[in-house]
Amino acid sequence: MKALIAGGGIGGLTTALFLHSAGIEVEVFERAEEIRELGVGINMLPHAVKELASLGLLEALSTQGIRTRELIYANRLGQTVWQELRGIDAGLDFPQISVHRGKLLGLLHKAVVERLGPGAIRTGWQVESFRQAEGSASVEISGQGGTHTMASGDLLIGADGIHSTVRRRLFPDEGPPIWNGVMLWRGCTDWPTWRDGRTMAIAGGNQAKFVFYPIEADPARPDMRLTNWAVMAKTGIPGSSPLRREDWSRRGALTEALPFVRNRFRLDFVEPADIINATGEFYEYPNCDRDPLPRWSFGCVTLLGDAAHPMYPVGSNGASQAILDARSLMTHLRSANSVEAALGAYDVERRGQTAQIVLANRQGGPEGVIDMVEARAPDGFEDLEKIASYDEREAVVRGYASLTRLAKR
Ligand SMILES: Cc1cc2nc3c(=O)[nH]c(=O)nc-3n(C[C@H](O)[C@H](O)[C@H](O)COP(=O)(O)OP(=O)(O)OC[C@H]3O[C@@H](n4cnc5c(N)ncnc54)[C@H](O)[C@@H]3O)c2cc1C
């Protein structure tokens, strides 16, 4: 069996590794000229780390990233609203790992080249369209200088991100991603170690939110961490078009990001404006998603990762869910009687689960606990219990965790 994969991102490369482990031949088409280690911080939840561990990548991942010990949700004044241990520190079998997205992509790329050979990833080739007939799929791909050619296999997996061409061919009337009016600025820079160097904090509700977590430790400099930050703020009307098209590599501007943090946050561990100013280059990304689809699999063609279920970046689920998709797809391909049956079973298993997360993220995900408290006590509180009881706060955070299968299994 041979699978064609459109897109060499985290979803596409993880799928390549899983399918190879099941004895399936793979050809990945990535439109970028090379697999570049782009992006800033990303979180891998324990259920996704478990799947990467099954591919033998836990050690490499742990070396690149940070095993997050604790997560703190606070209001904009730095008062703790919820705090909890994560991963192994919370009694789970696998850690939560905060890592530079580029480093994660780099280690997946290295593993694909080592295990499948350098020819398995064809960079500089963009999937333009596809056809399927009698149990086989073929893609038209375009390369530099307008070269066009075809490739064929037994199935096609569209892992080509939020602007997926495969999805657009399946659902030509869908239109662009939906913006909720929130802009996300994100960057990373060296910063003095906070607490144990393994703590993540999210402060402020949906009006303006500040995220802070370490993603890399240098043993020679224990007092410093490569630290990821993000600011999310409402800059537009939900449902309108963002000023600039969503592009993960678009540079952000200090003049646009700083007004949302100045004179707003009072955090004892960092002044947000200071870390933003200290970061040379950072990025903007409008908070976009798409409505859940009625179907992912059509014959021997299916969707995976952001192509299937782009979601707002709250709750650390974007890359984690792409990895769970990859595992599920491999399991069904290995056991079903036909490709079509496998893709159908994968669709049934994964589409509903991820749709729930897409919708929960629209409500703020677990970070909704901060919104709840800030809405009731915008100027802070003396007794948190009187503002929102422990049970009420737990229901928000744990409800989300069980939805995304973070809860202990
Ligand atoms: C450059 C970049 C930087 C990112 N940075 C961050 C970050 O800092 N933090 C974060 O939380 N998330 C980030 N993300 C998103 C995150 O990686 C995804 O949400 C998640 O990992 C799911 O991955 P995916 O493989 O489904 O999609 P993606 O990561 O978007 O990968 C899709 C891949 O498909 C390729 N592609 C697109 N169209 C075609 C086509 N027609 N033919 C062939 N190839 C195609 C793209 O070049 C890309 O490599 C970033 C994504 C990208 C592309």
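The basis for the numbers below is simple: all heavy atoms, side chains too, and nothing from hydrogens, waters or symmetry mates. For ligands, and for the atoms within them, numbers begin at 1 and follow the listed sequence.
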Give me the nearest non-hydrogen protein atom to [atom] as residue plus atom name, then the distance to 0.1 Å.
atom: atom 43 (C) of ligand 1; answer: F29 O, 3.3 Å
atom: atom 42 (N) of ligand 1; answer: V127 N, 2.9 Å
atom: atom 23 (O) of ligand 1; answer: G11 N, 4.0 Å
atom: atom 10 (C) of ligand 1; answer: I42 CD1, 3.7 Å
atom: atom 34 (O) of ligand 1; answer: G7 CA, 3.3 Å
atom: atom 39 (C) of ligand 1; answer: D160 CB, 3.6 Å
atom: atom 31 (O) of ligand 1; answer: G9 CA, 3.5 Å
atom: atom 19 (O) of ligand 1; answer: D306 OD2, 2.6 Å

Salt bridge or not between [X] and [Y]? Use side-chain N to carboxylate O under 4.0 Å.
X: R244; Y: E256; result: yes
X: D371; Y: K209; result: no
X: D325; Y: R350; result: yes

### Query
Under 4.5 Å between any side-chain heavy atoms of W229 and V40, yes or no?
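No, side chains not in contact.
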### Heavy-atom nearest neighbour of atom 35 (C) of ligand 1 within options R167, E30, R169
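Comparing heavy atoms across R167, E30, R169, the nearest one to atom 35 (C) of ligand 1 lies in E30.
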#### Entry: Option nearest atom 3 (C) of ligand 1 (shortest heavy-atom distance, choices Y285, W248, Y283, W125)
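It is W248 whose heavy atom sits nearest to atom 3 (C) of ligand 1.
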Would [X] and [Y] count as having a side-chain donor-acceptor pair, cut-off 3.5 Å?
X: H100; Y: Q64; result: no
X: H332; Y: E349; result: yes
X: H109; Y: E37; result: no

Find all atoms of ligand 1 within a distance of less than 4.0 Å from any non-hydrogen atom belonging to [X], and give their numbers and elements.
X: G305; answer: 26 (O)
X: T165; answer: 41 (N)
X: G161; answer: 27 (O), 30 (O), 32 (C)
X: V40; answer: 7 (C), 8 (O)
X: G39; answer: 3 (C), 5 (N), 8 (O)

### Query
Hey, mind stepping through L57 and L17 against side chain to side chain contact (heavy atoms under 4.5 Å, CB included) and telling me if it holds?
CA-CA 11 Å; L57 297 172; L17 290 169; 4.0 Å; yes
### Query
Looking only at N/O atoms, are L38 and ligand 1 under 3.5 Å apart anywhere?
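No.
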### Query
Could an N or O of ligand 1 be found under 3.5 Å from any N or O of I162, whether backbone or side chain?
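Between I162 and ligand 1, no N or O pair is found under 3.5 Å apart.
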Report yes or no: does a heavy atom of [X] sit under 4.0 Å from some atom of ligand 1?
X: S249; value: yes
X: G41; value: yes
X: A32; value: no

### Task
Indicate the ring-plane relationship of F171 and F298, choosing parallel, tilted or perpendicular according to the 30° and 60° boundaries.
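Ring orientation, 0 to 90° scale: perpendicular.
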Contact partition for [X] relative to ligand 1, non-hydrogen atoms under 4.0 Å:
X: P313; value: neither
X: R101; value: side chain
X: I10; value: both
X: E128; value: neither

### Message
Does S297 form a side-chain hydrogen bond (donor to acceptor under 3.5 Å, both in side chains) with T302? I'd like the steps, not just the answer.
### Response
CA-CA 4 Å; S297 298; T302 195; 2.8 Å; yes
### Partners passing side-chain hydrogen bond (donor to acceptor under 3.5 Å, both in side chains) against T199 (at least two apart in sequence or in another chain)
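D196.
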### Query
Is there a donor-acceptor pair closer than 3.5 Å between any side-chain N or O of W179 and the backbone N or O of V182?
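Looks like yes, one N/O pair under 3.5 Å.
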### Message
Taking ring-ring contact (aromatic ring centres under 6.0 Å, His included) as the criterion, tell me which of W191, F212, Y213, F210 meets it with F269.
### Response
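Result: among W191, F212, Y213, F210, F212 is the only option passing the ring-ring contact (aromatic ring centres under 6.0 Å, His included) with F269.
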### Query
Of the options I97, N43, D89, V99, which is the one that meets T68 in a side chain to side chain contact (heavy atoms under 4.5 Å, CB included)?
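The residue from I97, N43, D89, V99 that satisfies side chain to side chain contact (heavy atoms under 4.5 Å, CB included) with T68 turns out to be N43.
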